[in-house]
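For ligands, and for the atoms within them, numbers begin at 1 and follow the listed sequence.
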Amino acid sequence: MARRAPAGRAALCGLLAAAAGIGVVELAAGAVDGVPSLVISVGDAVIDSVPGWLERAAIAALGTNDKPVLLASIGLVAALLGAGTGLLARRSFVAGAVAFVLITALGVAAGLAAPDDSAVLTVLAGALGAAVGVAILYHLLAAAAAETRASDGPGTTGRRNFLLLAGGAAAVAVIGGVGSRLLMGRERLTELRAAIRLPVPVRPAGPVPAGADLEISGLTPLFVPNEEFYRIDTALRVPTIDPDEWRLEIRGMVDNPFTLTYAELMAMPQIEADITLSCVSNEVGGDLVGNARWQGVPLFRLLERAGLQEGATQLVGRSVDGFTAGFPTVTALDVTEAMVAVGMNGEPLPAEHGFPARLVVPGLYGYVSATKWLSAIELTDWDVDGYWIPRGWAKEGPIKTSTRIDVPGPGRTITAGERPIAGVAWAPTRGIEGVEVRIDDGPWQSATLAERLDVDCWRQWYLPWDATPGAHVITARATDGLGEVQTDERTPVAPDGASGYPVIEVVVED
Ligand SMILES: Nc1nc2c(c(=O)[nH]1)N[C@H]1C(S)=C(S)[C@@H](COP(=O)(O)O)O[C@H]1N2
Ligand SMILES: [Mo]
């Protein structure tokens, strides 16, 4: 370089190069399984090598802030080392680059001590970070030198170049840092969930009778696996909540407001129930509906303990992400399966479905009831509106009796012969007593229902059909446990859920 950058600039270049290098490695750690976070590895190495008395003193002085303080200290040391490297590189770029690589190697050495990660990937990630850092250092120093030259003459392009590059390096660092935090939060959550054992419910759901799942190819299974369960929420980023830090408040118009920890909630008597959850935005024939075996603490128990006050007519669930949903308090008292759920199909709730706890209320659409990532249960009057109410949705959201035709499935072109028509029907809290199917303009025919499991849970059905060549229109309708046939009236999803018979067109080929 014909002319050197000023010392202050060179130190800044080194700092930015170090930050960007660390950002790249952290992002790799977040994105690729087997790559450790080198910052955390260094932290672990520090904790391992610090004498016990110092560690205890730090915990005593800093409490739960010990980890953030440690990580911030590591950041500070890295920044100082980076600045030093920049100053060294100002005199001899090769010396600076070598120093950069050596410092990275120390981080990699700490990373190699992490038992669960891949040594090869750790070295590769370190090499990538060092390469990015050294390259950025080179270009920044060049730009800083050019800026110095340019400032001798007219114009400010040199400065603009330097600022652009510096901004780019800072952006790499920030994106890496933030991105890895997002990604690693998920990884940590997976570990936290794996460590949780659901308590044995005091009221388990009964065994699933043979014949409750017809196991017809293409028919939705009785229980939708968690990974396939529909997901609806306003969260751009799934909240990752450490159950040890999570609290559930029961408050508002109650005599004894109280707060539960996750451990306390898990220690309470739990029930299991098979409940079909539906989104109000589910179109006729749509797939925003699913059935799962939920486990949790009945809401009425929590309300009993809280002591309802006069006028507490609405129960509002609040989420850590600000979402709210409210429904009549009487529902929580009458529907004994309404619960604060911690388990879904035998597992702790998945992150997407509300870990560590959510509400599940049989018979109500999710938008008024099924608050995920639950942080508070607030007893209030009817004047308070949940999230979706001012956005054009009905204040109350009972699930409408519905059915869906799953078979014949996608494409709906089949060959002639004995072909089943099959689907699911649901009317949570009322149950399903019948499903009828009509082929073209023929008579309504009674479908065979799967064995009953629970009124809150959907029921599969099928009708054997001798499919004759040509185009056919198939219509279905369900009757709920009160003997009421679902309405024929077609309504859109807003404001209170779609209604009408599902209709499919099938092409039968020779
Ligand atoms: N925190 C939070 N909870 C929420 C929502 C949300 O946006 N945020 N959406 C609700 C809606 S509209 C539905 S239909 C159900 C869906 O639950 P699922 O994603 O587990 O299927 O969650 C409910 N709970
Ligand atoms: Mo929904």
query: Atom CG in Leu38, atom OG1 in Thr122: separation rounded to 0.5 Å?
result: 7.0 Å
task: Kindly write out the residues that satisfy side-chain hydrogen bond (donor to acceptor under 3.5 Å, both in side chains) with Ser319, not counting sequence neighbours, or none if the list is empty.
output: Asp321
Which pairs of nitrogen or oxygen atoms, taken one from ligand 1 and one from the protein, are under 3.5 angstrom apart?
| from | atom 1 | to | atom 2 | distance (Å) |
| --- | --- | --- | --- | --- |
| ligand 1 | 1 (N) | Ser319 | OG | 3.1 |
| ligand 1 | 1 (N) | Asp321 | OD1 | 3.4 |
| ligand 1 | 1 (N) | Lys372 | O | 3.2 |
| ligand 1 | 3 (N) | Lys372 | N | 3.0 |
| ligand 1 | 7 (O) | Thr234 | N | 2.8 |
| ligand 1 | 7 (O) | Thr234 | OG1 | 3.4 |
| ligand 1 | 9 (N) | Ile232 | O | 3.3 |
| ligand 1 | 17 (O) | Arg358 | NH2 | 3.0 |
| ligand 1 | 19 (O) | Ile232 | N | 3.0 |
| ligand 1 | 19 (O) | Lys372 | NZ | 2.6 |
| ligand 1 | 20 (O) | His353 | ND1 | 2.6 |
| ligand 1 | 20 (O) | Arg358 | NH1 | 2.7 |
| ligand 1 | 20 (O) | Arg358 | NH2 | 3.4 |
| ligand 1 | 21 (O) | Tyr230 | O | 2.7 |
| ligand 1 | 24 (N) | Ala370 | O | 2.9 |

field: Between Trp461 and Thr403: side-chain donor-acceptor atoms closer than 3.5 Å
entry: yes
message: Please list all pairs meeting salt bridge (charged side-chain N to carboxylate O under 4.0 Å, His left out) that have one or both residues in residues 491-509, counting only residues at least two apart or in different chains.
response: Lys400-Asp496
- request: To the nearest 0.5 angstrom, please state how far the CD atom of Glu433 sits from the CG atom of Leu482.
  value: 9.5 Å
- request: Only pairs at least two apart or in different chains count here, so list each salt bridge (charged side-chain N to carboxylate O under 4.0 Å, His left out) that has a residue in residues 262-280.
  value: Asp274-Arg293
